[in-house]
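Shown next, in structure tokens, is the structure this report addresses.
Convention: sequence-line order gives letters A, B, ...; per-chain numbering from 1.
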Number of protein chains: 2
Amino acid sequence: MKEKISDKYSALLHATLTMVNNRGFHDAPMSKIAKLAGVSPATIYLYFENKQDLINKLYVEVKASFCSHAFQGYSTELPVKKGFEIIWYNIADYKLNKLEESMFLSQCDNTPMIDGESIQEGLKHLQPLLDLWERGKKEGIIKPISPYLLYAYTVYPLSFLLAMHVKSLCEVGGKYRLEAFQAAWDSIKV
Amino acid sequence: MKEKISDKYSALLHATLTMVNNRGFHDAPMSKIAKLAGVSPATIYLYFENKQDLINKLYVEVKASFCSHAFQGYSTELPVKKGFEIIWYNIADYKLNKLEESMFLSQCDNTPMIDGESIQEGLKHLQPLLDLWERGKKEGIIKPISPYLLYAYTVYPLSFLLAMHVKSLCEVGGKYRLEAFQAAWDSIKV
DNA sequence: ATTTATAAAATGAACGTTCATTCATCAACT
DNA sequence: AGTTGATGAATGAACGTTCATTTTATAAAT
């Protein structure tokens, strides 16, 4: 019965996600995380080395889930624009449907709360997108610019839209999604 | 001698900026902030109500400085594209030259560490840019889409490039700046 | 089947530390 | 003498973590 690791492990990860989202890392005490997970504080230390380890593990897990969603239905056989479209919409869907996870990732990527090592770990899984862009450049479809620029103008803006969506300042539904994709594509197509 | 408020006030703000940038809000104790500012812990409470107030005041001040830089040399008389170009380059310069301030703003905008009230306060000063976009739409130069989208695809990407720059993963010098501007403009021009 | 022995998982209370904040006192200037 | 700005030391609360112990699961022996 090794199935899917103890459910307390997952409960703790999820409790941490919620606490850190709502109160920030600085105000998410182990005692409250434990209570939210329905577990004793001491139990946390059966599954995690310490608070930092808990956060790191959560980050890596969420990032992995994000990347796995991103490439659903994608194949390297697809034409560049079609492939990009699929990945982009996957990411947009993820940000829209997994608000908590997405907010957590934003917070992690803009604070010194995650170890550099874990950041590297989480970044690995994005390679297919980089490869796709490389192909697009070779075919003269995508501007010959740094992948960081490509990411900054296509994927990263979604984080902002997510934040506005959470604050109920901005819709991200049907029409807007199309407009957003169009803007992303216009910024990088040659 | 009211000149520019006690220099301990500024020293404390600056020390807080550094501490929060390097260690995060959760690990920026008042005692260390005080030491870095060359001041007793008790002195902080002569200038600020408490830690939250200290952070809020710092946020509002930095945000104001950011916005003031953004509109240097800009006038509502300018043609839309030229006006946008000036503002965009101002912002890019700010992000490049005021790394600490910019990183701090990123952190604030992605964590629950700032009071909603102070966020509102800091957002006020961006109005001229919104007005410019409105004019651009009327003239048929800029896509008729939500200002949130416009912001997401022109200004917000700079935050990502800044983060990469700080991690020495990405240059933001001359040529790249032009490419970045081009991508920003392409994404919103009609 | 039931009991007994052993290991594993989980816990509440306690520990030492660190934190934000306060307080009694001080030095400098009026 | 009195006011002001500043302080180092003190304080209580809260934190992350550990520990002695209990509870639950596992297996062996009857």
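Look at NZ on A:K51: it is 15 Å from P on D:dT18, rounded to the nearest Å. We find that NE2 of B:H26 is positioned 16 Å from C1' of C:dA20, with the value rounded to whole Å. Computed from coordinates, the A:Q52 CD to D:dC15 P distance equals 18 Å when rounded to whole Å. For B:I55 and C:dT21, the CD1 to P distance is 11 Å, given to the nearest whole Å. Rounded to a whole Å, the CZ atom of B:R23 is 13 Å from the C1' atom of C:dC19. C:dT21 atom P lies 5 Å from atom CG of B:N50, rounded to whole Å. Rounded to whole Å, atom P of D:dT7 lies 9 Å from atom CG of B:L12.
Heavy-atom distances under 4.0 Å link DNA chain C to A:V39, A:S40, A:A42, A:T43 of residues 29-45 of chain A, given in residue order.
Partners of B:K51 according to the salt bridge (Lys or Arg N to Asp or Glu O under 4.0 Å) rule, which considers only residues two or more places apart in sequence or in another chain, do not exist here.
Of the candidate nucleotides C:dT21, D:dG5, C:dT11, D:dG5 has the atom lying nearest to any side-chain atom of B:L46.
Defined by atom type and a distance below 3.5 Å, a donor-acceptor pair is missing between the side-chain atoms of B:D53 and B:Y45. With no hydrogens or angles considered, no side-chain donor-acceptor pair links A:Y156 and B:S159 at under 3.5 Å.
Panel note: side chain B:W88, backbone B:F181; no donor-acceptor pair is recorded below 3.5 Å.
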How far apart are the C-alpha atoms of A:D186 and A:Y153, what are their side-chain angles, what is the distance that settles it, and do they pass the side-chain hydrogen bond (donor to acceptor under 3.5 Å, both in side chains) test?
CA-CA 10 Å; A:D186 286 346; A:Y153 281 93; over 6 Å; no
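The side chain of A:K8 places an N or O atom within less than 4.0 Å of a non-bridging phosphate oxygen (OP1 or OP2) of C:dA10.
In this structure, the side chains of A:Y94 and A:E101 come closer than 4.5 Å at one or more pairs of heavy atoms.
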